[in-house]
Amino acid sequence: MSNIEKAYELAREAYAAMGVDTDKAMELADQTPISLHCWQGDDVLGFEGSDSLTGGIQTTGNYPGRARTLEELRADLSKALDLIPGVSKVNIHANYLDNGGKKVDRNEIEPCHFASWADWAVDRGIGLDFNSTYFSHPLAENGTLTNPDEAIRAFWIEHGLRVRKISEYFGERTGKVCVTNHWIPDGEKEVPIDTLGPRMRLLDSCDKIFAQKSPANLNKDAVESKLFGIGSEAYVPGSHEFYLAYAVRNPEILLTLDAGHFHPTEVISAKISSLLCFVDEVLLHVSRPVRWDSDHVVLFDDETRQIMREVVRNDALNRVYIATDYFDASINRIMAWVIGARNARKALLGALLEPVATLKKYEQEGDRSRRLALSQEALTMPIGAVWDYYCMKKGMPVGMAWTDDVRAYEKDVLSKR
Ligand code: RNT
Ligand code: ZN
């Protein structure tokens with residue numbers, strides 16, 4: 001018996017004594033899809049030939065080896081996916097199109113421009129998620145779906161409509177539902193006088209984009225709010241209240257919660273169960289804001305763990321889609337992917353290893369003292385032993401072993417770019 005197996009055996013017994021079935025927890029943690037964002041690999045630049053990122057979001061750092069082509073990005077993504085245990089999907093942005101070297105504007109994209117992504121996903125046996133791209137474009141400078149210029153607003157509405165067709169195509173090709181996220185960067189540095197007008201235009205734009213329902217087995221649309229961005233500190237029309245109301249009014253639309261899109265002391269873990277009272281399904285952008293919406297690499301930290309606990313404790317795994325959303329250009333980008341995704345999965349496993357049934361029993365009995373005591377005992381249970389065993393069983397590297405693999409790839413591939 002290896003040390004990993006020995007440690008697992010002890011952990012399994014300790015968890016069983018708490019009423020937790022570790023095999024069941026590993027199975028559920030493994031089978032729950034986590035959607036890996038493609039944009040960590042190239043600093044959100046995409047393949048339209050753009051060399052700058054706009055829209056009030058920002059990557060910092062210039063670590064060598066950024067993916068410059070679709071082929072490089074997919075090779076890097078494949079490398080990362082091979083080191084992340086569990087069912088993964090890949091989350092693509094509309095500016096990651098395969099245009100064959102010809103200019104295809106955002107209002108012209110078609111499924112054929114994403115066929116190579118679908119081929120790649122089918123080949124890997126994974127699902128795809130999708131995102132409209134309303135930033136890093138000259139027509140986005142003064143607003144997209146809120147733009148008072150009707151021609152520009154129409155351009156972006158057309159983009160949204162086309163994105164949803166591509167999502168349906170992804171759903172068909174992969175046989176797995178595509179979750180499509182819509183986020184716009186529109187906002188103002190200073191408080192505008194008319195705060196209602198842009199929102200009424202956004203409402204009209206959304207109604208036009210979502211007028212036709214997608215087959216629910218192919219595509220589900222989600223709307224993502226934000227509090228502020230760089231240059232939109234004072235006013236963002238697509239606020240939490242706006243999209244929450246929109247999702248409640250339109251039951252087929254999901255609400256997206258991004259961990260970095262609220263006031264610095266506000267946490268999305270505290271919002272999930274309220275939303276579940278009013279919307280059918282939720283999309284999570286698991287990210288890490290540091291003092292602002294900085295999109296740092298996801299950690300195995302309190303909030304990431306609390307997000308997963310809220311989903312598991314409320315038995316909502318089948319109503320919540322989990323996606324990662326961060327971009328760090330200051331460290332090896334593949335390591336950034338793997339660290340964040342493994343942390344998200346580990347946090348999910350940790351939540352599934354909580355003695356939820358017993359905690360709920362104490363709660364129902366009114367035994368708040370023992371509820372608190374057990375919740376604290378659970379924190380120092382050997383999650384790591386179960387995680388290591390799970391990785392080993394899935395043929396995935398255990399501990400730091402995967403970093404050697406990425407270093408070798410860096411030497412052979414990334415450093416030559
Ligand atoms: C921006 C949003 C959005 C983006 C991606 C690239 O603040 O979080 O989800 O990160 O679409
Ligand atoms: Zn996000």
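For ligands, and for the atoms within them, numbers begin at 1 and follow the listed sequence.
- In this view, Tyr246 and Asp207 satisfy the side chain to side chain donor-acceptor pair (under 3.5 Å) rule, not counting sequence neighbours.
- Here the rule is ring pair (Phe, Tyr, Trp, His ring centres under 6.0 Å) with Tyr134, and of Trp183, Trp156, Phe155 only Trp156 fits it.
- The residue from Asp293, Asp295, Asp258 that alone fulfils the salt bridge (Lys or Arg N to Asp or Glu O under 4.0 Å) condition with Lys226 is Asp293.
- With contacts defined as side-chain heavy-atom distances shorter than 4.5 Å, the pair Val356/Arg309 does not qualify.
- Remark: Asp43 engages Arg333 in a salt bridge (Lys or Arg N to Asp or Glu O under 4.0 Å) (not counting sequence neighbours).
- Shown are Lys394, Lys24, Lys393; of these, the salt bridge (Lys or Arg N to Asp or Glu O under 4.0 Å) with Asp30 is made only by Lys394.
- Protein N/O/S atoms closer to the Zn ion (ligand 2) than 2.8 Å number 4 in this structure.
- Closer than 4.0 angstrom to ligand 1 by heavy atom are Trp39, Ile57, His93, Trp183, Glu224, Lys226, Asp258, His261, His285, Asp293, Asp325, Phe327, sorted by chain and number.
- Ionic pairing of Lys271 and Glu266 is present here: one or more N-O contacts between side-chain nitrogen and carboxylate oxygen are shorter than 4.0 angstrom.
- Atom CG of Asn62 has 12 or fewer neighbouring heavy atoms from other residues, nucleotides or ligands inside a 6.0 Å radius.
- For Phe262 and His240, the ring centers are positioned less than 6.0 Å apart.
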